J.: 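Before anything else, here's the structure in question.
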Protein chains: 2
Amino acid sequence: MSVSTKLSSSVKALCFLAECSPTPKTSKEIAENTGINASKLRKLLSLLSKSKIVKSNQGTKGGFQLLKSPSKIHLQEIYCAIEDRKAFHLKVSDINGYDGYDYLGYFENLFSNIQIDIEDKMTKISLLSVMNDLKIETKIK
Amino acid sequence: MSVSTKLSSSVKALCFLAECSPTPKTSKEIAENTGINASKLRKLLSLLSKSKIVKSNQGTKGGFQLLKSPSKIHLQEIYCAIEDRKAFHLKVSDINGYDGYDYLGYFENLFSNIQIDIEDKMTKISLLSVMNDLKIETKIK
DNA sequence: AAAAAATGTTACACTTACTGTAACAAATTA
DNA sequence: TAATTTGTTACAGTAAGTGTAACATTTTTT
């Protein structure tokens with residue numbers, strides 16, 4: 001799954017949970033309301049659960065619930081929870097060698113700075129602000 | 001080829017041209033000095049030529065030459081010349097629908113802002129500054 | 001005019017990554 | 001104990017990336 005698909009799917013699922021809180025929602029219910037495959041959702045929500053953004057309950061009457069209020073959840077958090085690789089993924093396998101200059105180091109540094117900018121930007125965007133922009137009502141502020 | 005590979009390969013080739021200017025260098029010569037496949041180089045340099053960053057000459061005594069001084073070539077230019085797609089490529093095929101909210105528009109907007117930041121950053125970096133950072137001597141300033 | 005040399009472009013096989021789904025173990029509730 | 005739900009793994013099918021070769025096109029030299 002690409003970074004943007006994972007992020008947007010996660011946000012969509014989290015928005016749905018905020019809309020319906022506080023009762024837990026199963027991956028099946030979320031799937032029916034978002035159009036995202038239930039198995040895919042479980043993978044994403046399981047990562048979000050490890051980062052304490054949602055709470056998951058197995059078994060009958062189980063499902064997923066928000067663990068933090070939408071105003072306290074930021075895109076950067078979601079992004080870091082679901083993504084191990086960096087957004088601007090750097091392929092540097094063979095740009096070095098031959099002439100002895102450190103192109104590898106140069107571009108690693110450049111892309112890592114870009115990465116920092118992206119994360120800064122996302123740190124400033126809360127789930128609540130996304131919901132406000134999209135005019136989604138929320139039960140939890 | 002990934003964005004970062006294309007960009008770093010292009011920069012490497014352009015640095016080599018700046019080092020050896022003003023005599024034209026063939027894709028074979030550049031390949032031998034950079035370790036980048038000659039056919040790949042011709043593809044990249046042909047794009048850079050369409051953007052007037054290099055000049056290409058076919059036939060005997062042909063090859064590639066810088067058309068601008070390294071201080072006037074910026075990473076953003078190179079990046080735009082070789083890349084039609086955006087760096088932070090957005091997959092939005094199916095994040096919409098079902099609940100009627102415009103997630104698609106939201107994320108397109110977000111990623112397009114990120115894109116602008118990335119390009120701003122690259123606009124500020126000249127080929128000459130890359131060469132200075134890497135301590136590469138240049139015949140053309 | 002012909003041969004040689006170089007770019008420009010297309011094509012292709014190979015590999016890698018992505019995608020969607022299914023299957024099933026583990027956990028929880030009734 | 002049975003039913004339900006998450007968590008995780010696996011896998012087939014598809015798409016994308018990679019490296020290279022082949023050859024047409026252009027230019028220079030003889």
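Numbers restart at 1 for each chain; the letters A, B, ... are given by sequence-line order, proteins then strands. Since the structure is predicted, the reported quantities are computational estimates derived from the model, not experimental observations.
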J.: Test of understanding: with salt bridge (Lys or Arg N to Asp or Glu O under 4.0 Å), list the residues that count as partners of A/Glu29, not counting sequence neighbours.
T.: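 Here no residue qualifies.
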
J.: Round to a whole Å and report the spacing from NZ of B/Lys40 to P of D/dA21.
T.: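 Result: 14 Å.
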
J.: So, using side-chain hydrogen bond (donor to acceptor under 3.5 Å, both in side chains) as the criterion, who are the partners of B/Ser27 when residues are at least two apart?
T.: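 Once residues adjacent in sequence are excluded, the partners of B/Ser27 under the side-chain hydrogen bond (donor to acceptor under 3.5 Å, both in side chains) criterion are B/Arg42.
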
J.: Dot-bracket for DNA chain C, please, read 5' to 3', with Watson-Crick or G-U wobble pairs under 3.5 Å on both distances, ( ) within the strand, [ ] crossing, | other strand, . unpaired.
T.: ||||||||||||||||||||||||||||||

J.: Can you name the side chain to side chain contact (heavy atoms under 4.5 Å, CB included) partners of B/Asn37, sequence neighbours left out?
T.: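 Expected list: B/Ser39, B/Lys40.
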
J.: Is the phosphate of D/dG19 approached by B/Asn37 (side-chain N or O, under 4.0 Å from OP1 or OP2)?
T.: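 No, B/Asn37 has no side-chain N/O under 4.0 Å of OP1/OP2 on D/dG19.
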
J.: Only counting residues at least two apart or in another chain, list the ones meeting side chain to side chain contact (heavy atoms under 4.5 Å, CB included) with A/Cys15.
T.: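 If we apply the side chain to side chain contact (heavy atoms under 4.5 Å, CB included) test to A/Cys15, skipping adjacent residues, the hits are A/Val11, A/Leu127, A/Met131, A/Ile136, B/Tyr103.
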
J.: Using a 4.0 Å cut-off on protein heavy atoms (strictly under), produce a 5'-to-3' string for nucleotides 4-10 of chain D with B for base contact, S for backbone-only sugar-phosphate contact, and - for none.
T.: BBBBBBB

J.: Quickly work out the A/Ile36 CD1 to C/dT19 C1' distance and round it to whole Å.
T.: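 The answer, rounded to whole Å, is 14 Å.
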
J.: Checking the side chain of B/Ser129 only, and the main-chain atoms of B/Ile125 only, is there a donor and an acceptor separated by less than 3.5 Å?
T.: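 Answer holds: no.
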
J.: By side chain to side chain contact (heavy atoms under 4.5 Å, CB included), which residues pair with B/Gln76, not counting sequence neighbours?
T.: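 Once residues adjacent in sequence are excluded, the partners of B/Gln76 under the side chain to side chain contact (heavy atoms under 4.5 Å, CB included) criterion are B/Cys80, B/Glu119, B/Met122, B/Thr123.
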
J.: Can you sort out the partners of A/Lys55 under side chain to side chain contact (heavy atoms under 4.5 Å, CB included), two or more places apart, ordered by chain and number?
T.: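 Partners of A/Lys55 under the side chain to side chain contact (heavy atoms under 4.5 Å, CB included) test: A/Asn57, A/Gln65, A/Leu67.
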
J.: Quick one: list whatever passes salt bridge (Lys or Arg N to Asp or Glu O under 4.0 Å) with A/Lys121, sequence neighbours left out.
T.: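 For A/Lys121 the salt bridge (Lys or Arg N to Asp or Glu O under 4.0 Å) partners, ignoring immediate neighbours, are B/Asp117.
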
J.: In whole Å, I'd like the distance from the CG atom of B/Leu41 to the P atom of C/dT9.
T.: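 After rounding, the reported distance stands at 15 Å.
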
